[in-house]
Amino acid sequence: MGKLTFRRRKKAAPPQMPPPPPAIEVASTSKAAVKKKAGGARLWMRMDRWGQSELIECDKSVIIKRVSIPARDLRILGPIFSHSSSILAREKAMIVNLEFIRAIVTAEEVLLLDPLRQEVLPFVDQLRRQLPQKGPSTHVADQTVTRNNGLQSPTAGQWLPVPEATEVLQDELPFEFQVLEIALEVVCTYLDSSVAELERDAYPALDELAINVSTKNLEHVRSLKSNLTRLLARVQKVRDEIEHLLDDNEDMGQLYLTRKWIQNQQSESLPTGPASNSIVPAAGHLRRLSSTRSGSLMSNYFNDDDVEDLEMLLEAYFMQLDGTRNKILSVREYIDDTEDYVNIQLDNQRNELIQLQLTMTIASFAIAVETLIAGIFGMNIPCTLYNTDGIFWRVVGIMTAACIVLFILVLGYARWKKLIGS
């Protein structure tokens, strides 16, 4: 029988895995992603209507989803429009860009951009000091008390969703207008202090320039005038924005965010039907909570055409900004008067130099006549006067006296023609 032979089969080599990507590239990619994310996020401060605040860092998409505004409105709060002033009304938010204050205000909260800037800190302090320090638990208790006091609608058969009724009657202004008032107050105070500082520097510098016209004083006044022009432009922008709002009642009506929020909540809560298609009875029932004045304030939330509260608020700060603008204009008029006075001084000195130059020209003409006579006698022409003893001094004296008389005659003629002052 033949001898069986067995062959050992070779094990198949395991499949080779692709080499891992270099760690350096992964690290660089992750760093780039982190850097890109950090570059898009900005620091915001969120403060609600009860005074609770927190610092958040988020990008534009989060803000857009939170306050329901278009992306173009966030560009207004960017660095490109940092020196512009605008107050824009949207469906659920109000865009405030006043000088260094850039914020988005809703009916329930305010989002403030760059709250740690030195100029913005006074606004943050005013918000924390003036907004009611009231927690959500206290807010829920107030809702219960309000409901027990008769906030039930006789037409709908259920409680009206007006959680801020007590606060509105106490504070008299909606939350968004409280924030707007604080922003206008901080901005107007800052502009007033800037004008006062400019006045302290301008008046002594202008008085010094009127006394001594020098290059140093002129340069100082020039820098003050440029600062004055920039400050006037900033005040004018804020004033024009407020004036634009005062001229348009529709725009002012769109700024009533709390009123629109209450109306939306009521339209969602009240069932549709002939017995509950109106909110006027509910508004009349709300007026029983307090005095007639408070009831009229509460009834304003159901009247879309009533903008009296906002109009009075804007008019007060419009008058303050108008006074600040008048201060700047008075300083500019003082600068213009000082410049006119300096120009008059320079013109007077220039006229004196011209008179001196004319006087010297007349004297040169008289001396030239004497020099002409001396040149004539200096020629080598035979003359019998050369042989006369002592004739030299007599001729020199006569020529000098004639030149003096000629100078006096020409000078008198110039004064007669009023070419030279007396």
Side-chain angles (χ1 to χ4, degrees), residues 76-77 81-89 94-103 105 110 112-115 117-127 129-130 173 176-207 209 220-248 251-252 255 307-340:
I76 300 176
L77 304 179
F81 300 94
S82 59
H83 296 290
S84 63
S85 296
S86 58
I87 302 174
L88 303 179
M94 176 172 55
I95 314 298
V96 178
N97 183 19
L98 297 175
E99 287 293 318
F100 45 83
I101 297 178
R102 291 172 288 176
V105 186
V110 54
L112 180 62
L113 182 61
D114 296 334
R117 288 181 56 185
Q118 190 67 28
E119 301 89 351
V120 187
L121 289 179
F123 177 63
V124 177
D125 294 337
Q126 290 290 333
L127 283 176
R129 184 162 49 249
Q130 297 188 21
L173 280 179
E176 62 271 15
F177 293 160
Q178 295 181 36
V179 176
L180 179 61
E181 182 179 11
I182 296 173
L184 290 173
E185 181 182 358
V186 171
V187 170
C188 291
T189 303
Y190 175 78
L191 293 175
D192 282 338
S193 62
S194 300
V195 173
E197 183 179 358
L198 185 64
E199 286 179 340
R200 288 194 299 268
D201 295 338
Y203 288 116
L206 293 173
D207 294 338
L209 179 63
H220 190 193
V221 173
R222 186 196 66 81
S223 63
L224 288 174
K225 191 173 183 179
S226 59
N227 294 335
L228 181 71
T229 303
R230 287 193 295 267
L231 186 58
L232 178 61
R234 293 166 60 184
V235 173
Q236 190 70 36
K237 288 178 182 178
V238 181
R239 180 181 176 274
D240 291 344
E241 183 62 26
I242 296 178
E243 186 178 11
H244 172 71
L245 289 175
L246 289 173
D247 292 338
D248 196 339
D251 289 345
M252 285 193 290
L255 293 177
V307 293
E308 183 180 357
D309 295 337
L310 180 58
E311 188 174 4
M312 292 176 62
L313 172 65
L314 294 179
E315 282 180 353
Y317 288 100
F318 178 80
M319 294 176 62
Q320 184 175 355
L321 287 171
D322 199 52
T324 304
R325 177 175 171 270
N326 291 334
K327 290 181 182 178
I328 298 176
L329 293 179
S330 65
V331 176
R332 190 168 70 174
E333 289 178 359
Y334 194 81
I335 291 177
D336 294 339
D337 293 341
T338 305
E339 289 180 350
D340 294 339

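Just so you know, residue 1 is the first one in the sequence shown, and it goes up from there.
In the displayed structure, R332 atom CZ is contacted under 6.0 Å by at most 12 heavy atoms of other residues, nucleotides or ligands.
Checked for salt-bridge contact, R234 and E99 meet the test: a charged N lies under 4.0 Å from a carboxylate O. Classification of K225 and E339 as a salt-bridged pair holds, one side-chain N sitting under 4.0 Å from a carboxylate O.
Atoms CG and CG, on L206 and D337 in that order, are 9.5 Å from each other to the nearest 0.5 Å. Rounded to the nearest 0.5 angstrom, I328 CD1 and L231 CG are separated by 4.0 Å. Note: D336 CG to E333 CD = 7.5 Å, rounded to the nearest 0.5 Å. Of the inter-residue distances, the one linking S86 atom OG with L98 atom CG reads 7.5 Å to the nearest 0.5 angstrom. Atom CG in L77 sits 12.0 Å away from atom CD1 in I101 (nearest 0.5 Å).
Taking all atoms of both residues into account, the shortest heavy-atom contact from F123 to V186 is CA-CG2, 3.9 Å.
Each of I87, L310, V307 was checked for a side chain to side chain contact (heavy atoms under 4.5 Å, CB included) with L245, and the lone residue meeting it is I87.
Checking side-chain atoms of E199 against main-chain N and O of V331 turns up no donor-acceptor pair under 3.5 Å.
Residues meeting the side-chain contact (heavy atoms from CB on, under 4.5 Å) test with L121, sequence neighbours left out: Q118. Residues forming a side chain to side chain donor-acceptor pair (under 3.5 Å) with D114 (at least two apart in sequence, or on another chain): R102.
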- Apply the test ring-ring contact (aromatic ring centres under 6.0 Å, His included) to residues Y190 and F100: give CA-CA distance (whole Å), side-chain angles for both, the deciding distance (0.1 Å), then the verdict. CA-CA 10 Å; Y190 175 78; F100 45 83; 5.0 Å; yes

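Among residue pairs with one or both ends in residues 239-248, those qualifying as side-chain hydrogen bond (donor to acceptor under 3.5 Å, both in side chains) are Q236-D240, R239-D322; sequence neighbours excluded.
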